[in-house]
There are 2 protein chains.
Amino acid sequence: MELSDRKRQILKVVVEAYVRTAEPVGSKAIAAEMGGSVSSATIRNELSDLTEMGYLEQPHTSAGRMPSPKGYRLYVNELMEAQRLSLAETEKINQSLQLKMEELDRLLAQAGRAVSALVRYPAYVSASRKTELTVRRFELLAVDERNCILVMMTSDSKVKSQLLRMQLKVDPTDLPAAANLLNSHFTNTDPGGMSQHLMNVADQVSPQLFLLLSQAVSFAADVLEEAGQREIVTAGASRLLKLPEFRDADKAHELMSFLADSKEDLPQPMHRPMEILIGPENVKEALKDTSVVVASYDIGDDMRGLIGVVGPTRMDYAAVAARLSGFAEGLTRLFGKQEELPPKEERK
Amino acid sequence: MELSDRKRQILKVVVEAYVRTAEPVGSKAIAAEMGGSVSSATIRNELSDLTEMGYLEQPHTSAGRMPSPKGYRLYVNELMEAQRLSLAETEKINQSLQLKMEELDRLLAQAGRAVSALVRYPAYVSASRKTELTVRRFELLAVDERNCILVMMTSDSKVKSQLLRMQLKVDPTDLPAAANLLNSHFTNTDPGGMSQHLMNVADQVSPQLFLLLSQAVSFAADVLEEAGQREIVTAGASRLLKLPEFRDADKAHELMSFLADSKEDLPQPMHRPMEILIGPENVKEALKDTSVVVASYDIGDDMRGLIGVVGPTRMDYAAVAARLSGFAEGLTRLFGKQEELPPKEERK
DNA sequence: TTTAGCACTCCTTTTCCCGGAGTGCTAAAG
DNA sequence: CTTTAGCACTCCGGGAAAAGGAGTGCTAAA
């Protein structure tokens, strides 16, 4: 059976009322909501159809109807009106985007808190690299005969450095040569390639130098690996406790510890700039009873971030989606500005 | 009235039973626990005394007794037997101390998770610096005429670096002079002193150089300030939900959001290596109904860390205290090892 | 000082009952 | 064929009452 316009409208009303009240909604209330143009009996007939078609559910006979995941899906795909944010709201988003630029992971934490506060649900934020990171340049600075400083510039123009402590004394005048070696053989390659080369030069250099090189390479590998990891940060998990569906401590606990622990398992890959996953559409068991709205943003050219919101299936999808995409756009813009300066050559 | 030995023993039994069951404990149960040497009626008389003296409380007449904060305090101070950890337990602690040494804040996060898992309560970890941090040495490396790398070694032998982008072109051969300037005037001083000096040299150097210097100083100030901040990280907050006293979602929510937000307000300063704060002894309103066990550990010579556990007043103080101090000692040892190498001059 | 006995208190759980909201069906009306 | 009114029926939720039980406090005797 095709969905008549009236059925669609009824479904819409049901979803929106249920989202608001968290109570099953009855035929009378729907009739009222629709302006009294039809009677509750008519609505009842339609409801019965919609239930049969799987868009609505009843907790028990003689209770009102609530949307099934399928119903939410239809609502999100076709019925939901994209919500325009008020000026005040946009302003609020921009304000929460006044993030202090520090280390990436702190920034993520700030962003997570901001989003969570904005939508009043728990949120998570992550960033991951699109392309492989490599070292572009090495430098070695002498401190004394047992210590020197390793400075590396990575392919994304970030600089990292570390104090190297040497087991064997090294003549400070040897350092430039060592740096040259590093620059000629260990740049623009992944950690695997580095240790490869390290083996190759093992018997061509003095033992002191070799120790130094291997320390340098191991630090470089650490840096590259760590930067390559996807960093996930969650915020606002305790907001769950405010929701009637998580009044049950066990349920709340399950989801909250999932959020706290799962660094990898949160909904991640996605094709469109924003995706909505409703209840059982989630792969992870712990999220089967919840919905997730997740959007992506760009960090410069070479990293991508995810920003997601977790809530009950009864979620105000329109509101969350609007705010989330606003925030994601803001983040992209923010990082765009930051990144504009660095690796490019000229600017007028 | 003085506390007879028997009263003390009864108090001990009450505390321990209540900790175990979270239910008010009655005279009969106590009599049984004490081996049946006295009857429940006798116990009742004693209980009545203890209640009058403020060591015990009754939720209502005709309910069993539970310890008051005063009762817990006496228990902790005098009755509690320091718990010896089993070998297996010690092993477990050492195992969770296999923390991967990364950035300090990640290490804290790891430690927090480990402690929380160990004691099964939420935990928090922090680190703060005892002495003022300064820059010991600056270096500047040329990248191209508009970019150079600033490398700083701080007074705790950590190395930090940053890419500086210059508005005005600077001749790379000027950099050593600039570095000299930095080293002679901006080392071993706090951020305040730095900007002071910056003003002084303003009209003695070229504008290009001045811009460069001010960028360097501002980065240095950032680094020093950030490193000086006390970093707090919480873990395992969701464990609260498992406890009967936080079955009530509102109560749980209050405490959990407090834990999530309060970076500064968690019990901190302390005189002894370990402190136990019971219920109302906590200053913060949100902690009035909870107890906190907090221990300190050393990070090298110049930083100190705090590690705390938050739980209901009905907490197994002996167990938590034993594990926590074990963990704190382990951390001190861990950092001791790490720090042994660096700033010292010679080693045999 | 300890103990047994007993009445009494107060919480908790269970049961029962009732009201209300909502459905589904039928039959009549448009 | 669709819409509507009417009505019996279902089921939940809340409240009152009842039953049960754990524990106390007191008294009187050992």
Side-chain angles (χ1 to χ4, degrees), chain A residues 1-11 13-15 17-18 20-68 71 244-245 247-248, chain B residues 1-11 13-15 17-18 20-68 71 244-245 247-248:
Chain A
M1 192 197 320
E2 261 310 297
L3 274 181
S4 69
D5 268 4
R6 193 168 64 188
K7 284 198 174 57
R8 302 165 77 88
Q9 200 198 340
I10 291 176
L11 179 56
V13 169
V14 171
V15 170
Y18 185 70
R20 217 169 34 241
T21 62
E23 304 271 296
V25 5
S27 54
K28 218 159 150 189
I30 301 173
E33 191 97 2
M34 292 177 59
S37 58
V38 287
S39 82
S40 68
T42 312
I43 302 287
R44 274 203 290 285
N45 288 328
E46 299 283 46
L47 286 181
S48 155
D49 289 348
L50 282 167
T51 307
E52 202 167 329
M53 295 161 78
Y55 293 108
L56 296 178
E57 290 175 346
Q58 260 177 313
H60 54 96
T61 26
S62 94
R65 304 301 207 289
M66 50 201 265
S68 69
E245 26 273 283
R247 244 35 198 24
D248 176 30
Chain B
M1 193 195 324
E2 261 310 297
L3 274 182
S4 69
D5 268 2
R6 193 169 64 190
K7 282 199 177 57
R8 301 165 78 87
Q9 199 198 342
I10 291 176
L11 180 55
V13 170
V14 171
V15 170
Y18 186 70
R20 219 171 30 242
T21 63
E23 303 272 293
V25 3
S27 53
K28 219 160 151 188
I30 300 173
E33 192 97 4
M34 291 176 59
S37 58
V38 288
S39 81
S40 67
T42 313
I43 303 286
R44 275 204 289 285
N45 288 327
E46 299 282 47
L47 286 180
S48 156
D49 289 348
L50 283 167
T51 307
E52 202 167 329
M53 295 162 77
Y55 293 108
L56 296 178
E57 291 176 344
Q58 259 178 315
H60 54 96
T61 27
S62 94
R65 304 300 208 289
M66 49 200 265
S68 69
E245 27 271 283
R247 250 19 198 35
D248 176 31

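Reckoned from all heavy atoms, side chains included, excluding hydrogens, waters and symmetry mates. In what follows, chains carry the letters A, B, and so on, assigned in the order in which the sequence lines appear, proteins first and then strands, with residues in each chain numbered from 1.
Distance, A/I30 CD1 to C/dT23 C1': 12 Å, rounded to whole Å. Note: CG (A/L56) to P (C/dG24) measures 11 Å, nearest angstrom. Atom CD of A/E52 is separated from atom P of C/dC25 by 10 Å (rounded to the nearest Å). What separates CD of B/E46 from P of D/dG23 is a distance of 18 Å, to the nearest Å. Separating the CD1 atom of A/I43 from the P atom of D/dT2 is a distance of 16 Å, rounded to the nearest angstrom. Between the C1' atom of D/dT2 and the CG atom of A/D5 lies a distance of 17 Å, rounded to the nearest Å. In this structure, CD of B/Q58 is placed 11 Å from C1' of C/dT9, rounded to the nearest angstrom. What separates CD of A/E23 from P of D/dC11 is a distance of 19 Å, to the nearest Å.
Shortest non-hydrogen contact noted between B/Y18 and B/P24 is CE1-N, 3.8 Å.
Scanning atom types as modelled, one donor and one acceptor separated by under 3.5 angstrom connect the side chain of B/R44 and the base of C/dG5. For A/S62 against D/dT10, a side-chain-to-base donor-acceptor contact under 3.5 Å is present.
Residue B/T42 places at least one side-chain N or O under 4.0 Å from the OP1 or OP2 atom of C/dT3. Here B/S27 reaches the OP1 or OP2 of D/dT24: one of its side-chain N or O atoms lies under 4.0 Å away.
Pairing for C/dA29 is with D/dT2, a Watson-Crick or G-U wobble pair whose two hydrogen-bonding atom distances lie under 3.5 Å.
When the nucleotides C/dT23, D/dC11, D/dA5 are ranked by their closest atom to the side chain of A/L47, C/dT23 comes out on top. With distances taken from any side-chain atom of B/H60 to the nucleotides C/dT3, C/dC10, D/dT4, the minimum falls on C/dC10. Proximity note for B/R65 (side chain, C-beta onward) versus C/dT23, D/dT24, C/dT3: the nearest is D/dT24.
Under the 4.5 Å side-chain criterion, counting only non-hydrogen atoms from C-beta, A/M34 is in contact with A/I10.
Take the nearest nucleotide of DNA chain C for B/S40 and for A/K28: the residue whose nucleotide is more 5' is B/S40.
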